[in-house]
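First the structure, in the form of structure tokens, and then the observations on it.
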Amino acid sequence: MKFCENFFWGGATAAVQCEGAWDADGRGMTRMDVTTGGTVHSPRMVTYVDRDGNRQKAPIRGFRLPEGAHYAVFEDEFYPSHEGIDFYHHYKEDIALLKEMGFKMFRLSVSWSRIYPTGEEDKPNQAGLDFYRNVFLELKKNGIEPLVSIWHFDTPLALEEKYGDWTDRRYIDLYVKYARTLFMEYKGLVKYWLTFNEINNTINLLPEDAPDEVYQEAYQHLHYKFVASAKAVKAGHEIDPENKIGCMICGITYYPGTCDPKDILFHHSKWEKGIFYCGDVQCKGKYPTYTKRLWDEHHVNPDITKEDMEALQKGTVDMYTFSYYMSQAVTTHQNDDIVSGNMSSGVRNQYLTYSDWGWALDPDGLQYYLELMYDRYELPMMVVENGLGAVDALEEDGSIHDSYRIDYCREHIKAMGKAVQNGVNLIGYTAWGCIDLVSASTGEMKKRYGFIYVDKQDDGTGTLERMRKDSFYWYKKVIESNGEDLE
Ligand code: P53
């Protein structure tokens, strides 16, 4: 057997992409609730009212709320998060389907604004706590271990309006209060936690030539999140020593675009800035040796106290988890063959093929990533997101023949198997969007990842009916055979 006996096979979701029920039972808003749908070529837009009372819309990437403006929902716009796939009201039916596939683990996120609607209440919202308790109980009843992301792109909107996007120190205590509430409330029910989803996105999605102020904010933002994460880890361990708490990194495998030594150095700095920086702080409890060089490149000088540094040391994570979808080739040379698509940058890699959204399909990159990171940290690892976003065709008889998705997952599971044989302590794999949900980057439904199809379309229409794709039966076999039967 390649995979360990209690290997956590499963799938992953995030609150704001699947729950819907955006204003139910006292929930507060998050930025996604004022963000429209987009496509591979047109960005999602944030809607707001400016200081003069005029309706405004702006692309979400790099968005900053102008002075005097406030976020707003417009009646005639479509916001995919408002209904999602309505997991809020379908969770029992959905968990039954996960159980049918034999899931051992289900990754989901708690929506902060269901628990603390504005982030600043003294007491948590009971209805929010009850919802997640019921979900966790349902999972337990079905023998499925929950893996809970405490934050998955959904800071309460009221906090963003007041303090900006994590560039204020007060966020640390607000987040730790929220995390403590979860640890206390679900003690004995939830054991596996992740503090911040894809924490490194703050830095690795920035253009190289962004202005210094933007880098200053990004590094500051990250520092407050590092401290918040470390303090939450410490609290989580104190509240229940059984808790296993991980970091979660957006894992992209970088390749040098040519063998020019300049490209070797450049690709190495992409690893440092985009990937190692966050993992190093969260796993080792201190800033890495190359930090000053990264900061100096952009004249950055973050607010960091002695207490912060102590907190980082006391709150190192128990496991290294990451998402993996693609690799990227990067070069210092003039090269116009840039891969177009969403979220992707870098030059075309002639040895790889690309998804319809421009993401490079590269299972070997996953093996490489696992081996590199395990050697760096020697912590148990989990692949907590992986999958293929693709357009699915629903046949008249209700079947969905998604052989492309099966191929993608098979090759990535094989790659994990090789890394395990080479000594990596891999303890779980939760496939992204195991049930179709709203795409984070484009807001589309048609970028589907699921083994379970949901009848819900980009314009908001659909019955919300759930249907089993071919990959559903395939993944069931994979789990039954503990990753041996991949055909
Ligand atoms: P979508 C950027 C690059 C890689 C993964 O992505 C990313 C992002 C940010 O969107 O996000 C993660 O839905 C994220 C999930 C997301 C998933 O990957 O854009 O943790 O919330 O849905 C897939 O296709």
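Whatever order the structure lists ligands and atoms in, that order sets their numbers, starting from 1. Computed from a predicted model, the values in this text were never measured in an experiment.
- Put simply, the residue from Glu444, Glu465, Glu83 that forms a salt bridge (charged side-chain N to carboxylate O under 4.0 Å, His left out) with Lys456 is Glu83.
- The distance between the ring centers of Trp151 and Tyr178 does not fall below 6.0 angstrom.
- Of the options Glu444, Glu385, Glu198, Arg448, the smallest heavy-atom separation from atom 5 (C) of ligand 1 is shown by Glu198.
- Among Ser149, Gly389, Ala440, the residue whose heavy atom sits closest to atom 13 (O) of ligand 1 is Ala440.
- For Glu411 and Lys414, the salt-bridge test passes: some basic side-chain N is under 4.0 Å from an acidic carboxylate O.
- Residue Asn201 has no nitrogen or oxygen atom sitting less than 3.5 Å from a nitrogen or oxygen atom of ligand 1, judged on distance alone.
- At a heavy-atom cutoff of 4.0 Å, ligand 1 is contacted by the side chain of Trp359 but not by its backbone.
- Neither the backbone nor the side chain of Ser323 comes within contact range of ligand 1; no heavy atom lies under 4.0 Å.
- Contacts of Asp23 classified as side-chain hydrogen bond (donor to acceptor under 3.5 Å, both in side chains), with partners at least two apart in sequence or in another chain: none.
- The shortest N/O to N/O separation between Asn197 and ligand 1 falls below 3.5 Å.
- A salt bridge links Asp436 with Arg448: the distance from a Lys NZ or Arg NE/NH1/NH2 to an Asp or Glu carboxylate oxygen falls below 4.0 Å.
- Close contacts between ligand 1 and Ser439 involve ligand atoms 1 (P), 13 (O), 19 (O), 24 (O) [criterion: under 4.0 Å to a heavy atom].
- Taking the six-membered ring where the residue is Trp, Tyr171 and Trp112 present perpendicular rings, their angle passing 60° and hence far from 30°.
- The proximity of Trp357 to ligand 1, defined as any non-hydrogen pair under 4.0 Å, does not occur for either the backbone or the side chain.
- Considering backbone and side-chain N/O of His152, one or more are found under 3.5 Å from N/O of ligand 1.
- In the vicinity of Tyr449, heavy-atom distances shorter than 4.0 Å reach the ligand 1 atoms 1 (P), 6 (O), 23 (C), 24 (O).
- For the residue pair Thr47 / Tyr79, a side-chain donor-acceptor distance below 3.5 Å is found, with atom types taken as modelled.
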